[in-house]
Amino acid sequence: MALNREYHSAVKSLLLQGATGSIGRSTLAVVREKSKRFRIAGIAAGSDLRGLLEIAAEFHVSSVALHDDAQAGELTAAAKQLGIDRVYVGPRALQEQVAAEYYDLLVNAVMGGAGLRTTMSALERGKSVALANKEALVAAGPLLMKTARAHGAAILPVDSEHSALYQCLLGERADSVRRLWLTSSGGPFWGMPWDSLDDVSVERALAHPTWKMGPKITIDSATLFNKGLEVIEAERLFGVDASRIRVLVHRQSVVHSMVEFVDGSFKAQLSVPDMRLPILFALTYPERATSDLVRTEFDRSFSLTFEPLTNELFPCLALAYAALAQGGTAPAALSAADEIAVPAFLRGEISFTAIARVIERVLARWTPRPLVDLETVEDADRMAREMATEEVQRVRSRASMKCC
Ligand code: NDP
Ligand code: MG
């Protein structure tokens, strides 16, 4: 057995974007435990200035970035007080930070399409990326994977299912793999007919049975759209055709995913559900670090259950397979449409089931173009958001006609 080489490792500098969010804070918990191995060189957030400054002070970071330029003056003044002179503000702030700062690994924990350019910029610099931001892979996976290969950089998945698959595939040949099995908790509405979910409240949809996450991914988990994004993410990361990627409902979220091999054997990765574990793996790869953060105890009885999942029950999952089949810019349109539909639901403007209707309408209107470059992806993103906004309006006016 190889000796634990932990104390031989040099300190790794991290650029943590999305530091104030759920994944960002779990990453900080890992760094607190492993403070000798990691240094937070820079951090970034969307608009949570106070959260950003608290983290900056605790971790003595060298640079800060904030998307919201309305708070530019306040950020610059507060950063100066903390002795930080490298400050980036505005819509291009995160990308400029990625392009200019010194770091070994970008941890991309930003929510949504905002994480695309930054991932690409880091890869173009030959920097590896610990990627939680699944939307970037969904929209532009082939471009990102190609850039990573060209620059010798790694994309290390943080998403628990993909971290599990990555770990199960280590040391295996591509032609030994029969199928990838993504597990899903089923979300709060598993077992209920989709048609009965029209009136569910935001609070109920936000009550995830096993994971604590940011609001957008929590709603995506309730519609199973998240699992759809994860199917596309797996197709991109592992180069396995969608017909060989299956989803299975596993309510306990202990088996994080499985690989089925051609000889009929399966490998799975297990732990209690806690994002600090896949984050730790991505940060320390190719080593495994000793850690007490996440312990799975087998000193009491518990059961693991698996149930087949049918796409018809949760249309958002079927829509993701459909977008993959359409190809080109269709997955980018799918993801962008969801980024409009979910906030509309959270604001109370459309019903829970209308999220699927909005995405479906956008895909039905969509003519995919080949994924040539990031501009193609960004054009698709813009156009799909416009279409989705129209569809939200259409759903709202239909709903108001019904009630009056
Ligand atoms: P949160 O909503 O908790 O956090 C999002 C982070 O992104 C915050 O730091 C937020 O800043 C920042 N952000 C949002 N918009 C922008 C923007 N336009 N520019 C710059 N920063 C921005 O999300 P999660 O942590 O739950 O999820 C982050 C990503 O990780 C998502 O892609 C999600 O799908 C993925 N993921 C999450 C998992 C989880 O367990 N949470 C599991 C697997 C994947 P601010 O606080 O200022 O708004
Ligand atoms: Mg996941």
Side-chain angles (χ1 to χ4, degrees), residues 15-29 42-56 64-71 75 88-98 107-119 129-139 156-166 182-187 206 208 210-221 224-234 237 247 250 253 255-257 269 273-279 281-282 335 338-339 342-343 346 381:
L15 176 56
L16 174 57
Q17 297 199 322
T20 50
S22 166
I23 293 288
R25 299 217 176 253
S26 293
T27 305
L28 295 173
I43 52 172
S47 58
D48 181 1
L49 175 61
R50 182 187 291 227
L52 192 74
L53 292 172
E54 277 169 15
I55 298 165
V64 288
L66 193 70
H67 175 87
D68 176 18
D69 49 13
Q71 303 184 79
L75 173 64
Y88 303 83
V89 198
R92 290 179 50 81
L94 274 72
Q95 203 190 327
E96 287 166 4
Q97 187 186 36
V98 165
V107 183
N108 186 343
V110 167
M111 194 282 292
L116 173 56
R117 279 267 168 194
T118 50
T119 305
V129 181
L131 190 62
N133 180 270
K134 59 187 78 183
E135 294 87 351
L137 266 181
V138 167
L156 298 159
V158 166
D159 214 347
S160 56
E161 294 79 359
H162 305 78
S163 176
L165 294 171
Y166 198 95
L182 292 170
T183 52
S184 163
S185 73
L206 282 173
H208 195 273
T210 47
W211 295 99
K212 272 194 81 60
M213 309 175 283
K216 193 245 179 196
I217 184 174
T218 306
I219 299 302
D220 285 347
S221 300
L224 258 65
F225 185 79
N226 181 53
K227 212 45 62 179
L229 291 180
E230 291 182 353
V231 168
I232 304 176
E233 201 183 351
L237 278 170
V247 178
H250 166 55
S253 300
V255 173
H256 297 303
S257 276
Q269 185 258 339
D274 190 322
M275 286 308 294
R276 291 174 301 177
L277 200 48
I279 292 169
F281 179 81
S335 181
D338 180 66
E339 280 195 54
V342 169
L346 289 171
D381 181 273

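In this text, all values refer to a predicted model and were calculated from it rather than measured experimentally. Just so you know, residue 1 is the first one in the sequence shown, and it goes up from there. All ligand and atom numbering here is 1-based and tracks the order in the structure.
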Note to self: For atom 35 (C) of ligand 1, tell me which residue out of G115, A132, G113 has the closest non-hydrogen atom.
What the structure shows: A132

Check: Taking the inter-plane angle between the rings of H256 and W211 on a 0 to 90° scale, is it parallel (under 30°), tilted (30 to 60°) or perpendicular (over 60°)?
Finding: tilted

Margin query: Give me the residue, atom name and distance of the protein heavy atom closest to atom 19 (N) of ligand 1.
Written below: H67 CB, 3.4 Å

Check: Rounded to the nearest 0.5 Å, how far does OG of S160 lie from CG of L277?
Finding: 10.0 Å

Next item on the list: Under 4.0 Å, heavy atoms only, figure out whether ligand 1 is touched by the backbone of E135, its side chain, both or neither.
Entry: side chain

Notebook entry, point to check: If only atom types and distance count, is the side chain of T183 paired as donor or acceptor with the main-chain N or O of V255 below 3.5 Å?
Noted result: yes

Notebook entry, point to check: Between S47 and ligand 1, does any nitrogen or oxygen pair lie at a separation below 3.5 Å?
Noted result: yes

Check: Is there a donor-acceptor pair closer than 3.5 Å between any side-chain N or O of H67 and the backbone N or O of L94?
Finding: no

Next item on the list: For I279 and S26, work out which heavy atoms get closest and say how close.
Entry: CD1-CB, 3.5 Å

Item checked: atom 29 (C) of ligand 1 [closest protein heavy-atom partner, distance rounded to 0.1 Å] -> V110 O, 3.5 Å

Checklist line | Donor-acceptor pair, side chain of T218 and main chain of G214, under 3.5 angstrom | finding: yes

Item checked: Protein residue, atom and distance nearest to atom 46 (O) of ligand 1, heavy-atom basis -> T20 OG1, 2.6 Å

Notebook entry, point to check: If you count the atoms of ligand 1 from 1 in the order shown, which ones are under 4.0 Å from a heavy atom of I23?
Noted result: 25 (O), 30 (O), 37 (C), 38 (C), 39 (C), 40 (O), 41 (N), 42 (C)

Check: Got a donor-acceptor contact below 3.5 angstrom from the N108 side chain to the G115 backbone?
Finding: yes

Margin query: Using a 4.0 Å cut-off to any heavy atom of G18, which atoms of ligand 1 qualify?
Written below: 6 (C), 7 (O), 9 (O)

Checklist line | Ligand-residue contact atoms, ligand 1 with N133, heavy atoms, under 4.0 Å | finding: 32 (O)

Item checked: Min N/O separation D48 to ligand 1 under 3.5 Å -> yes

Item checked: the Mg ion (ligand 2): protein N, O or S atoms [distance under 2.8 Å] -> D159 OD1, E161 OE1, E230 OE2

Margin query: Please work out, at 4.0 Å between heavy atoms, whether the side chain, the backbone, both, or neither of M111 comes within that distance of ligand 1.
Written below: both

Next item on the list: Mind checking the OG1-CG spacing from T20 to L49? Nearest 0.5 Å is all I need.
Entry: 10.5 Å

Next item on the list: Give the numbers and elements of all ligand 1 atoms closer than 4.0 Å to a heavy atom of L94.
Entry: 20 (C)

Check: Among G21, P157, G214, G46, which residue places a heavy atom closest to atom 16 (C) of ligand 1?
Finding: G46

Item checked: Under 4.0 Å to a heavy atom of K134 - the qualifying atoms of ligand 1, by number -> 32 (O), 34 (O), 44 (C)

Notebook entry, point to check: Would a distance-only check, ignoring hydrogens and angles, find a side-chain to backbone donor-acceptor pair under 3.5 Å from H162 to E233?
Noted result: no

Next item on the list: Measure from the side-chain N and O atoms of N133 to the backbone N and O of G112, and report whether any donor-acceptor pair falls under 3.5 Å.
Entry: yes

Next item on the list: Would you confirm whether D274, through its side chain, and R276, through its main-chain N or O, come within 3.5 Å as a donor-acceptor pair?
Entry: yes

Next item on the list: Working to the nearest 0.5 Å, report the span between OG of S163 and CG of L131.
Entry: 12.0 Å

Check: Any donor-acceptor pair under 3.5 Å linking the side chain of Q97 with the backbone of I43?
Finding: yes

Notebook entry, point to check: Starting from atom 28 (C) of ligand 1, which protein heavy atom do you reach first, and at what distance in Å?
Noted result: A109 O, 3.3 Å

Notebook entry, point to check: In Å and rounded to the nearest 0.5 Å, what is the CG to CG distance from L53 to L75?
Noted result: 6.0 Å

Checklist line | Closest protein heavy atom to atom 36 (N) of ligand 1, given as residue, atom name and distance to 0.1 Å | finding: I217 CD1, 3.6 Å

Next item on the list: List the steps and the verdict of salt bridge (charged side-chain N to carboxylate O under 4.0 Å, His left out) for E339 and K216.
Entry: CA-CA 8 Å; E339 280 195 54; K216 193 245 179 196; 5.1 Å; no

Notebook entry, point to check: Identify the closest protein heavy atom to atom 43 (C) of ligand 1: which residue and atom is it, and at what distance?
Noted result: D159 OD1, 3.0 Å

Notebook entry, point to check: If hydrogens are left out, which of S26, A136, A114, S22 has an atom nearest to atom 17 (C) of ligand 1, that is, the closest non-hydrogen atom?
Noted result: A114

